[in-house]
Amino acid sequence: MTSIAWIGLGNMGSRMSAHLVSAGHEVRGYDVVEALRERAAEHGVVPVGSVTEAVEGAEVVILSLPKGDHVREVLAGAGGVLEHAAPGTLILDTSTVDVETSAWSHGQAGSRGFRFVDAPVSGGIQGAAAATLTFMLGGDEADVEDARAIVTPMAGNVFAVGEATHGIAAKLVNNMMLGISILAMSEGSQLAKQLGLDPKAFFDVARVSSGDSWAVRTWYPVPGIVPGSAANENFDASFSAMLCHKDVALAVAGAEATGVKVPAATLIRDQLQRLLDEDLGGKDCTLVVREASPDGGVEGWDGR
Ligand code: NAD
């Protein structure tokens with residue numbers, strides 16, 4: 001049994017932390033939202049009232065936070081992890097952050113005697129619930145091997161990708177590809193509809209043909225086709241437009257910095273930006289399907 005502090009009990013963290021409890025670890029959990037702490041307690045996480053309380057005595061600290069700024073604050077802010085955890089503690093960041101924040105986290109943690117591994121995940125809340133996430137680990141080899149043992153109960157695949165920040169770099173490239181898959185799925189689902197195809201009949205073809213993708217199988221944006229689709233729930237977020245935009249924008253920034261040409265990624269980034277501009281950033285990222293719809297209307301969405 002390992003004593004684990006879990007910071008951030010949102011869509012991913014609530015589901016992931018439950019598997020560590022099931023694996024026999026003692027998990028103390030903190031989120032700024034009290035209702036989420038209470039919900040985590042239902043699956044055996046011990047809810048605590050601060051980061052400080054969560055990390056005291058912990059052997060491992062795991063972060064699942066929205067953005068780089070949150071990670072920096074939780075790590076190095078007043079009352080944060082680096083101030084209150086014991087030196088030598090293994091810190092895993094499962095959040096999707098920019099490469100600079102990940103490098104900064106490695107540097108801050110390392111210079112203060114902590115072990116840090118960037119440990120972003122892929123697989124959505126479905127993967128988090130089913131313990132089939134892909135973990136991409138970056139850091140010192142020995143730390144990565146210790147991290148592998150911790151994340152295994154939450155994982156379908158665990159990859160030691162390379163040195164510090166290589167996990168997050170792999171994640172950003174992967175999510176840029178996911179964004180482009182969503183674009184293809186949006187346009188395909190709408191064209192199939194306008195050509196008079198039954199959506200289920202077309203989905204059955206695409207999922208076993210060359211139009212298939214993880215997005216198609218998991219998030220097909222028409223109600224009643226796949227169980228995990230946000231279209232079944234008025235496009236309430238399983239992966240919000242805001243978070244998806246963050247990932248694609250970070251990848252596009254990386255492409256611009258390295259001279260790689262990414263017009264498709266730029267297009268989906270801009271479509272997601274329009275959702276944010278209309279205060280729809282909390283809705284699911286697959287609501288970009290509206291961009292392909294002839295009149296902007298989307299089956300399964302009440303328009304708000
Ligand atoms: P979320 O917004 O549902 O959860 C993040 C949680 O962090 C929230 O509950 C928030 O209250 C909490 N939080 C914010 N600041 C905090 C602080 N200072 N102290 C404690 N808690 C704090 O987001 P999510 O969907 O669970 O995603 C978490 C991370 O995982 C993100 O970086 C996201 O990009 C990444 N991710 C998400 C998915 C997905 O499908 N949702 C998939 C892969 C990776």
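Just so you know, ligand 1 is whichever comes first in the structure, and atom 1 is the first atom listed for that ligand.
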Query - Stepwise side chain to side chain contact (heavy atoms under 4.5 Å, CB included) test for Thr94 and Phe135 - result: CA-CA 8 Å; Thr94 70; Phe135 277 79; 4.1 Å; yes
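- No part of Val97 comes within 4.0 Å of ligand 1, judged by heavy-atom distances.
- Looking at Ser229 and Asn232, their side chains never bring a donor and an acceptor atom within 3.5 Å of each other.
- If you check each of Tyr30, Phe239, Trp219, Trp6 against atom 19 (N) of ligand 1, the one with the closest non-hydrogen atom is Tyr30.
- Looking at Val32 against ligand 1, both its backbone and its side chain come within 4.0 Å, counting heavy atoms.
- Relative to atom 7 (O) of ligand 1, the option among Pro66, Gly79, Pro120, Gly13 with the closest non-hydrogen atom is Pro66.
- Heavy atoms from both the backbone and the side chain of Leu65 come within less than 4.0 Å of ligand 1.
- A cation-pi contact links Arg72 to Trp104, judged by a cut-off of 6.0 Å to the six-membered ring centre and 45° from its axis.
- Of all atoms in ligand 1, numbered sequentially from 1 with element shown, those under 4.0 Å from a heavy atom of Val33 are 11 (O).
- At a heavy-atom cutoff of 4.0 Å, ligand 1 is contacted by the side chain of Lys171 but not by its backbone.
- Ion pairing between a basic and an acidic side chain is recognised when a charged N comes within 4.0 Å of a carboxylate O; Asp212 and Arg217 show such pairing.
- In this structure, atom 26 (O) of ligand 1 lies nearest to the protein heavy atom Met12 N, 2.7 Å.
- When Gly29, Ser64, Gly8, Ala128 are ranked by how near their heavy atoms come to atom 5 (C) of ligand 1, first place goes to Ser64.
- With a 4.0 Å heavy-atom cut-off, ligand 1 is reached by no atom of Glu73.
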